[in-house]
Engineer: 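Shown below is the structure under consideration.
Only heavy atoms go into these numbers, but all of them, side chains included; no hydrogens, no water, no symmetry mates. Counting convention: from 1, in listed order, for ligands and their atoms alike. The first residue in the sequence is number 1, and the count goes up from there.
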Amino acid sequence: MSQIAIRIIYDNRKDNPAMQEGWGFSCLIEIAQRKILFDTGADAKAFFSNLKQAGIDLADVTDICFSHKHADHVAGLEEVLSRMNKETRLFVPKGFPKRNFPVQVTYVSDFAEIDSQVYSLVLKGGLFLYEQALVLRSNKGLVVITGCAHPGIVHILETVKARFGEAIHLVLGGFHLFRKDHKSINKIVDQFKSLQVEKAAPCHCSGDLCIAEFQNAYQDGFYKIGTGTAITLDC
Ligand SMILES: [Zn+2]
Ligand SMILES: [Zn+2]
């Protein structure tokens, strides 16, 4: 049976004591024959050190996706790309700063298929800001990976539901709720439930309150994650 493996390389919180945490996000997704790096965190030194700890060689990465252009997601971008195999494909949302990238780049305007089980969804996240989320297909349902969820975590999930018409198994990443109070977070938890999201793994800019509320509401369907966490799903 094949599996989807997701490893958190960079996050506000720490799971593996040998790795460095910091405000930002990065994860590596292994699915089918692909190794997809999603974001690179905020601090290049910490990011490279975490990669080394996790035993990840950038030359093995087949695809790199940046969720959006904010500094807590794109650390060391040029160095990262320069260390990659020339076959590596880069996926960024439209509006991402144009540079002379050393690898093949795709600017996704709303939706793209990255691989047979991997999709990119781009939504407007603010003035001059577009954000890319990834959608993976597992045999338990869809897995949605977000960077900061600036377009709104519920809006992202509603768009995924409308486009795919399939069950959402897991939502992992930054939900951007760190400034929200109990009431607004509980409303979002309820919306997750009505969208029948089975599992939640809020991290990065989700905020401690959001993480606690999701843990409460989801119990066994909650993943506590941080830098160094590895999650494996059957696909
Ligand atoms: Zn952001
Ligand atoms: Zn962020």
Engineer: How large, to 10°, is the angle at the Zn ion (ligand 2) when you draw lines to OD2 on Asp72 and to NE2 on His73?
Structural biologist: 100°
Engineer: Do Phe91 and Ser120 make a side-chain contact, defined as non-hydrogen atoms from C-beta onward lying under 4.5 Å apart?
Structural biologist: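 No, side chains not in contact.
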Engineer: Do the ring centers of Tyr107 and Phe96 come within less than 6.0 Å of each other?
Structural biologist: no
Engineer: Any N/O/S atom from His68 (main chain or side chain) under 2.8 Å of the Zn ion (ligand 1)?
Structural biologist: yes
Engineer: What N/O/S atom of His204 is the closest to the Zn ion (ligand 2)?
Structural biologist: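 That would be atom NE2.
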Engineer: State, yes or no, whether a side-chain contact exists between His68 and Tyr130 at a heavy-atom distance under 4.5 Å.
Structural biologist: no
Engineer: Any salt bridge between Lys35 and Glu30, counting N to O under 4.0 Å?
Structural biologist: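 Looking at Lys35 and Glu30, the cut-off is met.
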Engineer: If the cut-off is 2.8 Å, does any N/O/S atom of His70 fall short of it from the Zn ion (ligand 1)?
Structural biologist: yes
